[in-house]
Amino acid sequence: MRLLGNAPSVVVWVPFNEGWGQFDALDAVDRLRALDPDRVIDHASGWHDQGGGDLRSLHVYFRRIRPERAWRTERRAIVVSEYGGYSLRLPGHEFGPREFGYRRYRTIDDLTDAFVALHRIEVGPAVDAGLSGYVYTQLSDVEDELNGLVTADRTVLKLRADRVREVNAELAARFATAVAPLPPPHRPHRPLPPPSLHSNQRSRMPAPSSSVSSPPPSPCACPTAA
C-alpha cells in the first residue's frame, strides 16, 4: 500500500479474495483505513463476508445474477465483483493446450451474443434493483484462462466492439435512472371553497358604524407663552 498509494489506477483495496488466506478481515479493514482513509475497501471479495468494508462483494458463476431481498437493507454498496468468464480459444494466441472458462464459445459472434444477452437479461435488471457495480471476468486471457475480452498478447479483440459499446451505453442509462432523484409527489390543485357565513363567523364581524357623530373634544386648558 505504501508503494502503490499514489497510483491513480488503484481504486479499491482487496485484502482477501475468495477466502484465500483470510483471517480477521475486520481488523484488516481498520489497518487499511489507517493507511488510506479515502479509497474503497472490499474486505472479503466473493466469499466469507464479515460485514466490513464498503462493499457487499459477490462472485457469481454457474448461476444467474438475481437481486436479493437483503440488498434493500444492506448499508454497503452491492457489487458483483466477478461474473461472466466466457471463454473463446483463438488459434495462435493460446498459452497451451488447456482451456478454462465458465462457458465456452467457438466464434467471436457467438461470444458477443452471449455477452450482450448476459448484460441485458441479468445485469440490467440487477442495476434497476440496486446493484451498484460489476466487474466482468476478465480483461485478457491469462495462461490457460481463455476467458478474456482480448487475447493474452493484446492483439485481438474477442468481441464485436460496437455491440459492447451499445450494451454498455444501455447499462449507463439504467444507472442514471436508478440514481436520479425522485420527483416531488404530485398534488392536484384544488380551488378554495367560497367563504360561508356561519354563526361563529358573523359574531366576529365588526359592528356597523353609528350614524350619530361623536361630540368634539373639549379645548385644551394649556398655559400659553407670555
Side-chain angles (χ1 to χ4, degrees), residues 1-86 102 115 118-120 122-143 145 147-150 152 154 164-165 167-184:
M1 289 183 64
R2 293 187 178 96
L3 175 65
L4 300 175
N6 292 326
S9 59
V10 177
V11 295
V12 180
W13 295 118
V14 185
F16 302 109
N17 178 69
E18 294 186 343
W20 300 342
Q22 181 172 338
F23 65 96
D24 203 349
L26 298 182
D27 179 68
V29 170
D30 293 338
R31 292 171 181 265
L32 293 173
R33 290 263 190 253
L35 292 171
D36 187 348
D38 299 320
R39 281 189 175 90
V40 173
I41 298 175
D42 181 1
H43 81 306
S45 187
W47 301 355
H48 307 310
D49 180 77
Q50 296 182 13
D54 303 301
L55 308 178
R56 175 70 175 97
S57 181
L58 307 172
H59 292 186
V60 182
Y61 299 111
F62 302 117
R63 58 187 176 91
R64 295 173 63 88
I65 299 173
R66 289 177 175 160
E68 302 173 2
R69 292 183 179 179
W71 291 11
R72 302 176 184 176
T73 57
E74 176 59 63
R75 64 176 180 80
R76 300 165 297 170
I78 305 295
V79 173
V80 176
S81 51
E82 286 191 25
Y83 73 103
Y86 296 171
Y102 294 97
F115 181 90
L118 172 64
H119 289 83
R120 284 179 174 164
E122 299 184 29
V123 178
V127 169
D128 300 339
L131 181 66
S132 297
Y134 48 91
V135 182
Y136 182 82
T137 304
Q138 59 189 335
L139 174 61
S140 68
D141 294 348
V142 179
E143 298 183 352
E145 296 183 3
N147 49 13
L149 301 178
V150 298
R154 271 48 168 201
V164 173
R165 281 193 292 266
V167 76
N168 282 342
E170 293 173 9
L171 292 172
R174 296 180 91 143
F175 265 117
T177 300
V179 301
L182 296 175

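Side chains included, hydrogens not; waters and symmetry mates left out as well; all remaining heavy atoms used. Throughout, residue positions are numbered sequentially from 1 according to the sequence presented.
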Ignoring hydrogens and geometry, is there a side-chain-to-backbone donor-acceptor pair from [X] to [Y] under 3.5 Å?
{"X": "H48", "Y": "G19", "value": "no"}
{"X": "R174", "Y": "V123", "value": "no"}
{"X": "R64", "Y": "E122", "value": "no"}
{"X": "R154", "Y": "S140", "value": "no"}
{"X": "H43", "Y": "Q50", "value": "yes"}
{"X": "D42", "Y": "L55", "value": "no"}
{"X": "R76", "Y": "E74", "value": "no"}

Search all heavy atoms of [X] against all heavy atoms of [Y] and return the closest pair with its distance.
{"X": "A44", "Y": "Q22", "result": "CB-NE2, 3.8 Å"}
{"X": "P67", "Y": "A126", "result": "CG-CA, 4.1 Å"}
{"X": "G21", "Y": "F16", "result": "O-CE2, 3.4 Å"}
{"X": "V29", "Y": "G53", "result": "CG2-N, 3.9 Å"}
{"X": "A178", "Y": "V127", "result": "CB-O, 4.1 Å"}

Side chain to side chain contact (heavy atoms under 4.5 Å, CB included) evaluation trace for W13 with L35: CA-CA 11 Å; W13 295 118; L35 292 171; over 6 Å; no
Y83 ring center within less than 6.0 Å of H119 ring center: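 That pair passes the under 6.0 Å test.
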Ring centres under 6.0 angstrom apart (F62, Y102):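 Close enough - the centres of the two rings lie under 6.0 Å apart.
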Any heavy-atom pair between the side chains of [Y] and [X] that's under 4.5 Å?
{"X": "I41", "Y": "R33", "value": "yes"}
{"X": "S81", "Y": "H59", "value": "yes"}
{"X": "T137", "Y": "Y86", "value": "no"}
{"X": "W47", "Y": "N17", "value": "no"}
{"X": "V60", "Y": "E82", "value": "no"}
{"X": "Y134", "Y": "L171", "value": "yes"}

Basic-acidic side-chain contact under 4.0 Å: R2, D36: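 Looking at D36 together with R2, the answer is no, because their closest N to O distance does not fall below 4.0 Å.
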Point-to-point distance, once rounded to the nearest 0.5 Å, from [atom1] of [X] to [atom2] of [Y]:
{"X": "T73", "Y": "E68", "atom1": "OG1", "atom2": "CD", "result": "10.5 Å"}
{"X": "Q138", "Y": "L149", "atom1": "CD", "atom2": "CG", "result": "8.5 Å"}
{"X": "T177", "Y": "D128", "atom1": "OG1", "atom2": "CG", "result": "8.0 Å"}

Test log, rule side chain to side chain contact (heavy atoms under 4.5 Å, CB included), inputs V79 and S57: CA-CA 5 Å; V79 173; S57 181; 5.5 Å; no
Atom CG of N6: over 12 foreign heavy atoms under 6.0 Å: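 Not buried by this count: 12 neighbours or fewer within 6.0 Å.
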Side chain to side chain contact (heavy atoms under 4.5 Å, CB included) evaluation trace for R39 with V11: CA-CA 6 Å; R39 281 189 175 90; V11 295; 5.8 Å; no
Working for side chain to side chain contact (heavy atoms under 4.5 Å, CB included), residues R165 and N168: CA-CA 5 Å; R165 281 193 292 266; N168 282 342; 5.7 Å; no
